[in-house]
Number of protein chains: 2
Amino acid sequence: MSPTQPGRRRVTRADVARHAGVSTAVVSYTLNEGAKKVSDATRARVLEAVRVLGYRPNAAARALKIGSTAQLGLVIPGVLNRFFAELADHAEREAAAHGLALVVTSARDGLAAALGHLASRQVDGVLVVGRADVADLGGLEIPVALLDQVRAVNGVAGIGADRYGGARHAVEHLLGHGHRRVGFVGPAGGSDDRLRGWTDAVAAAGLAAEPLIDSDFTRAGGYEAGRRLASLPDRPSSVFVSSDDQSIGLLLALHEAAVRVPGDVAIVSFDGSQEAAYCWPPLTTVAQPLAEMVRLAVGRVLDPSPGYVELPTELVVRRSCGCR
Amino acid sequence: MSPTQPGRRRVTRADVARHAGVSTAVVSYTLNEGAKKVSDATRARVLEAVRVLGYRPNAAARALKIGSTAQLGLVIPGVLNRFFAELADHAEREAAAHGLALVVTSARDGLAAALGHLASRQVDGVLVVGRADVADLGGLEIPVALLDQVRAVNGVAGIGADRYGGARHAVEHLLGHGHRRVGFVGPAGGSDDRLRGWTDAVAAAGLAAEPLIDSDFTRAGGYEAGRRLASLPDRPSSVFVSSDDQSIGLLLALHEAAVRVPGDVAIVSFDGSQEAAYCWPPLTTVAQPLAEMVRLAVGRVLDPSPGYVELPTELVVRRSCGCR
DNA sequence: CTGAAAGCGCTTACAG
DNA sequence: CTGAAAGCGCTTACAG
């Protein structure tokens with residue numbers, strides 16, 4: 001016995017109709033229940049035929065007819081970043097809860113290309129994670145929601161977390177521990193709200209905003225930043241790191257250099273990924289409300305409405321800041 | 001200016017044909033280049049019309065006609081498990097390299113349901129990750145490849161890593177460090193090849209196969225196992241852990257209990273996820289050839305052929321075993 | 001409550 | 001090299 005039988009002719013609605021002795025319309029009516037009344041006896045015959053024949057509707061035909069594929073697109077920089085992986089997981093769950101399948105596309109070849117592919121595939125909407133250029137969003141006939149976005153984009157729905165407030169809170173927490181120097185690890189260029197939050201919080205305490213250790217959002221970037229931090233002649237007693245992935249790299253470098261956390265350097269991170277709980281020491285981190293963000297974004301896409309929504313973050317206290 | 005314009009009528013092939021002053025067939029011919037000759041002048045007119053109109057082919061219509069969606073399905077227990085996330089990432093890349101989109105489905109509601117959905121959606125094939133019941137594979141008309149599978153399944157393509165050999169190698173490495181007691185952390189029930197590899201390797205050295213610390217494949221499971229390990233009155237000097245996620249949980253518990261790794265307990269893990277490199281201490285781990293496994297599986301699905309292929313593993317040496 | 005028929009947007013023999 | 005036309009498998013007014 002061979003479990004799969006490629007090459008076998010697909011059974012169609014016509015086969016079911018023939019087997020049940022009804023018209024193909026009735027098969028549709030009983031399968032898409034609600035639209036039309038079907039007598040119980042007829043319904044039973046149809047369902048039996050479906051079962052016996054192992055009939056499975058052709059989604060492409062349905063999509064062509066009704067113009068909806070019951071698919072949600074997700075454009076993501078990559079699933080290897082812990083934060084994005086968790087986001088993808090939530091997206092898959094949320095999509096499934098709405099009866100939608102998730103088509104995952106990397107933005108490797110550019111956002112415009114990814115969106116073009118998804119639009120071709122008639123997805124009912126797409127969630128875009130990460131930086132998005134408005135230009136790439138033009139000319140699409142499907143609703144888009146920008147997730148993990150930092151601010152309003154004209155005419156497009158956007159959902160983001162309060163990075164500025166979260167960063168300020170993180171720095172203030174470190175300040176509350178008595179630290180008089182709080183460094184920043186993260187992208188130095190650009191206008192990241194976390195960088196701004198750090199700058200403002202430090203300034204409000206009458207302190208200098210330094211050192212600023214440049215790093216991209218990867219673990220490898222965090223590792224390099226950690227090496228630089230460890231070898232600083234006048235190492236700060238604490239740092240705010242702008243993502244958990246960076247923190248994980250940073251921790252490795254610090255361990256290798258025998259710099260103690262939080263003893264020598266206290267850390268507060270940003271993202272609130274599950275990974276943060278399993279580091280050593282476990283990371284105190286600013287948690288973004290991921291599930292809620294995804295829920296809102298899917299809602300915006302299914303029931304299109306533009307505008308930017310910013311959700312509050314929450315500081316999750318663990319060992320890396322020195323609280324325990 | 002509004003970047004997205006939902007509600008705008010989709011432009012179809014007919015619009016392009018009209019704009020270019022050709023028949024719809026010619027539009028197809030120039031877009032699906034190769035099938036038929038189209039004069040350069042005509043082609044240019046068509047392409048210009050496509051550009052001007054912003055035409056995007058309807059994938060559902062194409063799929064209905066030719067019976068292929070250029071989509072690959074991936075059934076995965078979840079993307080939160082690091083190993084699965086990396087596998088999904090590879091799958092997305094490999095699919096893209098073949099011009100295919102990846103439809104990700106969780107096996108949350110059962111494998112049969114997931115496969116049914118994917119079959120309905122006319123995916124060209126599906127990669128199934130994790131344990132698969134042959135019964136669930138029956139009656140499918142699309143090619144399936146089982147990834148991360150442990151042995152041949154009748155009539156279905158399967159790709160796996162040599163877990164037995166990898167586990168033996170791991171244990172032998174620990175034995176080579178002089179350990180006379182090598183414990184096992186992982187699922188105790190069932191017939192996991194890693195458990196067998198551990199048992200045989202330890203027996204071959206004339207030692208007792210103990211302790212066996214039961215744990216599921218999650219980080220939480222590893223954490224619990226770590227707590228039990230830490231509190232063992234006669235703690236072994238080393239353990240082989242059957243997955244990286246478990247090892248990460250185990251490390252946390254050991255750190256909390258101030259048990260030193262590798263000093264008090266040396267560890268060799270299994271999977272070779274990128275995460276293993278960023279733990280503290282970095283994990284010596286048996287690496288599965290993920291990229292190769294995915295490449296093979298996609299190949300099997302695109303050019304169906306049953307049979308089981310087992311790939312060799314490789315021991316990646318880092319600090320947790322005591323080598324450094 | 002049920003059926004005949006049009007049409008969704010493509011591709012592809014077939015004819016010219 | 002180009003076009004008219006059938007047909008993929010559905011859904012859904014429309015008529016009965």
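Quick note: numbers below take in every heavy atom, side chains included, and nothing from hydrogens, waters or symmetry partners. Sequence lines set the chain letters: A, B, ... in the order given, protein chains first and strands last, and positions in each chain run from 1.
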Q: Would you find more than 12 non-hydrogen atoms of other residues, nucleotides or ligands less than 6.0 Å from A/H90 atom NE2?
A: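 Result for NE2/A/H90: enclosed.
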Q: Does a side-chain N or O from B/N32 land closer than 4.0 Å to OP1 or OP2 of C/dT11, or not?
A: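 Yes, within the criterion.
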Q: Any donor-acceptor pair under 3.5 Å between the side chain of A/Y29 and the base of C/dG3?
A: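 Yes, the side chain and the base share a sub-3.5 Å donor-acceptor pair.
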Q: Going by the salt bridge (Lys or Arg N to Asp or Glu O under 4.0 Å) test, which pairs reach into residues 96-113 of chain A, not counting sequence neighbours?
A: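 Residue pairs passing salt bridge (Lys or Arg N to Asp or Glu O under 4.0 Å), neighbours aside: A/R108-B/E92.
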Q: Taking only residues two or more places apart in sequence or in another chain, which ones pass salt bridge (charged side-chain N to carboxylate O under 4.0 Å, His left out) with B/R93?
A: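 Scan of B/R93 (salt bridge (charged side-chain N to carboxylate O under 4.0 Å, His left out), adjacent residues dropped) gives B/D89.
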Q: Between D/dG16 and D/dT12, how far apart are the C1' atoms? Round to whole Å, please.
A: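 Roughly 16 Å separates the two C1' atoms.
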Q: Counting only side-chain nitrogens and oxygens, does B/T42 get under 4.0 Å of the OP1 or OP2 atom of D/dT2?
A: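 Indeed, a polar side-chain atom of B/T42 lies that close.
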Q: List in chain and number order the residues that pass salt bridge (charged side-chain N to carboxylate O under 4.0 Å, His left out) with B/R295, two or more places apart in sequence or in another chain; answer none if no residue qualifies.
A: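 Per chain and number, B/R295 pairs via salt bridge (charged side-chain N to carboxylate O under 4.0 Å, His left out) with B/E292.
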Q: Between the side chains of B/D216 and B/T218, is a donor N or O closer than 3.5 angstrom to an acceptor N or O?
A: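 Yes, B/T218 and B/D216 have a side-chain donor paired with an acceptor closer than 3.5 Å.
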Q: Starting from the 5' end of DNA chain D, give me the residue, A/L64 or B/S39, whose nearest nucleotide shows up first.
A: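 Its nucleotide being nearer the 5' end, the pick is B/S39.
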Q: Would you mind reading off the distance between A/R43 atom CZ and C/dC1 atom P, rounded to a whole angstrom?
A: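 Spelled out: CZ on A/R43 to P on C/dC1 is 10 Å.
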Q: Roughly, in whole Å, what's the span from CZ in B/R121 to P in D/dG9?
A: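 These atoms are roughly 18 Å apart.
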Q: Look only at the side chain of B/S120 and the backbone of A/P57, and say whether a donor-acceptor pair between them is shorter than 3.5 Å.
A: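 Between the backbone of A/P57 and the side chain of B/S120 there is a qualifying donor-acceptor contact (under 3.5 Å).
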Q: Between C1' on D/dC10 and CZ on A/R56, what's the gap in Å once rounded to a whole number?
A: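 Taking CZ of A/R56 and C1' of D/dC10, I get 17 Å after rounding.
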Q: Could you tell me the separation between the CG atom of A/N58 and the P atom of C/dC8, rounded to a whole number of Å?
A: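 One finds 18 Å between P of C/dC8 and CG of A/N58, rounded.
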Q: Starting at the 5' end of DNA chain C, write a dot or bracket for each base, bracketing those in Watson-Crick or G-U wobble pairs whose two distances are under 3.5 Å and using | for partners on another strand.
A: |||.||||||||.|||
Q: Taking the same atom, P, in D/dC10 and in D/dC14, what whole-Å distance lies between them?
A: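 So the two P atoms sit 24 Å from each other.
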Q: Taking atom CG of B/L115 and atom OG1 of B/T105, what is their separation to the nearest 0.5 Å?
A: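 The distance works out to 8.5 Å.
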Q: Could you identify which residues of residues 20-28 of chain B place a heavy atom less than 4.0 Å from some atom of DNA chain D, listed by residue number, or say none?
A: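 Residues of residues 20-28 of chain B that come under 4.0 Å of DNA chain D are, in numerical order, B/V22, B/S23, B/A25, B/V26.
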Q: Between B/R45 and B/E48, does at least one N-O distance fall below 4.0 Å, as a salt bridge requires?
A: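 Salt bridge between B/R45 and B/E48, a charged N being under 4.0 Å from a carboxylate O: no.
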Q: Using a 4.0 Å heavy-atom cut-off, does A/R13 contact any base of the nucleic acid, only the sugar-phosphate backbone, or nothing at all?
A: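 The residue A/R13 makes base contact.
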Q: Given the structure, check if the side chain of A/K65 and the base of D/dG9 hold any donor-acceptor pair shorter than 3.5 Å.
A: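 No such pair is found, so the answer is no.
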Q: Measure the distance from CD on A/Q122 to C1' on D/dG9 and round it to the nearest whole Å.
A: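 Spelled out: CD on A/Q122 to C1' on D/dG9 is 16 Å.
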Q: Scan residues 112-124 of chain B for pairs that pass salt bridge (Lys or Arg N to Asp or Glu O under 4.0 Å), counting only residues two or more places apart or in two chains.
A: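 Listed by first then second residue: nothing to list.
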